Amino acid sequence: MKILVTGGAGFIGSALVRFLIEETDAVVVNVDALTYAAAPGALAAVEGDRRYRLEKANICDGSALRRIFTAHAPDAVVHLAAESHVDRSIDGPAAFVQTNVLGTCTLLEAALE
Ligand SMILES: NC(=O)c1ccc[n+]([C@@H]2O[C@H](COP(=O)([O-])OP(=O)(O)OC[C@H]3O[C@@H](n4cnc5c(N)ncnc54)[C@H](O)[C@@H]3O)[C@@H](O)[C@H]2O)c1
């Protein structure tokens with residue numbers, strides 16, 4: 001099974017990616033923009049695994065998502081890419097709407113296609 005995980009370099013996503021690679025036979029495609037919130041070091045244990053692939057992309061970028069879906073044809077998607085730091089939403093709410101609402105919609109449309 002091939003699973004596309006968005007936000008796989010984040011707190012929750014990196015734990016899921018490690019679990020999928022270390023405890024299952026799944027192939028994992030990690031779609032992450034590697035923002036300030038990413039912790040790439042949390043993926044060190046899986047980086048060299050032939051079943052793991054990082055696609056650095058923004059979920060708001062529809063053409064990038066369509067390329068990734070076409071290239072990898074995943075069986076399932078786990079969507080964890082998000083602006084998650086609530087304190088930042090007070091100073092800059094637009095980024096939250098962009099990623100959490102529009103980005104999620106863009107991802108859903110790419111998956112539907
Ligand atoms: N951390 C928790 O305790 C917790 C609890 C309940 C629910 N959640 C939810 O789980 C999800 C993930 O939370 P987290 O704590 O892992 O977040 P996080 O901030 O640690 O990680 C988010 C990841 O998403 C990536 N990202 C952000 N914007 C992106 C974009 N536009 N395109 C592609 N990648 C992007 C970042 O680079 C980062 O790697 C969120 O929806 C959060 O609300 C988290």
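Both counts, for ligands and for their atoms, begin at 1 and track the order of listing. Bear in mind that the values here come from a model prediction, so they are computed numbers and not experimental data.
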- Message: Are L43 and V31 linked, directly or through intermediate hydrophobic residues, by side-chain heavy-atom contacts shorter than 4.5 Å (ILVMFWY only)?
- Response: no
- Any luck finding a side-chain donor-acceptor pair between S63 and D61 under 3.5 Å? yes
- Task: Would you sort out whether V77 and I3 count as a side-chain contact (heavy atoms from CB on, under 4.5 Å), showing the intermediate values?
- Result: CA-CA 6 Å; V77 176; I3 302 178; over 6 Å; no
- Flag the pair E55 and R67 as a salt bridge only when some basic side-chain nitrogen lies within less than 4.0 angstrom of an acidic carboxylate oxygen. yes
- Query: Checking side-chain contact (heavy atoms from CB on, under 4.5 Å) for the pair V5/V29: CA distance, chi angles, key distance, verdict?
  - Reply: CA-CA 6 Å; V5 178; V29 180; over 6 Å; no
When you check ligand 1 against the protein, what N or O pairs turn up below 3.5 Å? List the atom names and distances, or just say none.
from     : atom 1 : to  : atom 2 : distance (Å)
ligand 1 : 16 (O) : F11 : N      : 3.2
ligand 1 : 16 (O) : I12 : N      : 2.7
ligand 1 : 17 (O) : S84 : OG     : 3.1
ligand 1 : 19 (O) : S84 : OG     : 2.6
ligand 1 : 20 (O) : F11 : N      : 2.9
ligand 1 : 31 (N) : N58 : OD1    : 2.9
ligand 1 : 31 (N) : T99 : OG1    : 3.0
ligand 1 : 32 (N) : I59 : N      : 3.0
ligand 1 : 34 (N) : A33 : N      : 3.1
ligand 1 : 37 (O) : D32 : OD1    : 2.7
ligand 1 : 37 (O) : T35 : N      : 3.0
ligand 1 : 37 (O) : T35 : OG1    : 3.0
ligand 1 : 39 (O) : G10 : N      : 3.1
ligand 1 : 39 (O) : D32 : OD1    : 3.3
ligand 1 : 39 (O) : D32 : OD2    : 2.6

- Item | Modelled atom types, side-chain donor and acceptor of Y36 and R88, under 3.5 Å | yes
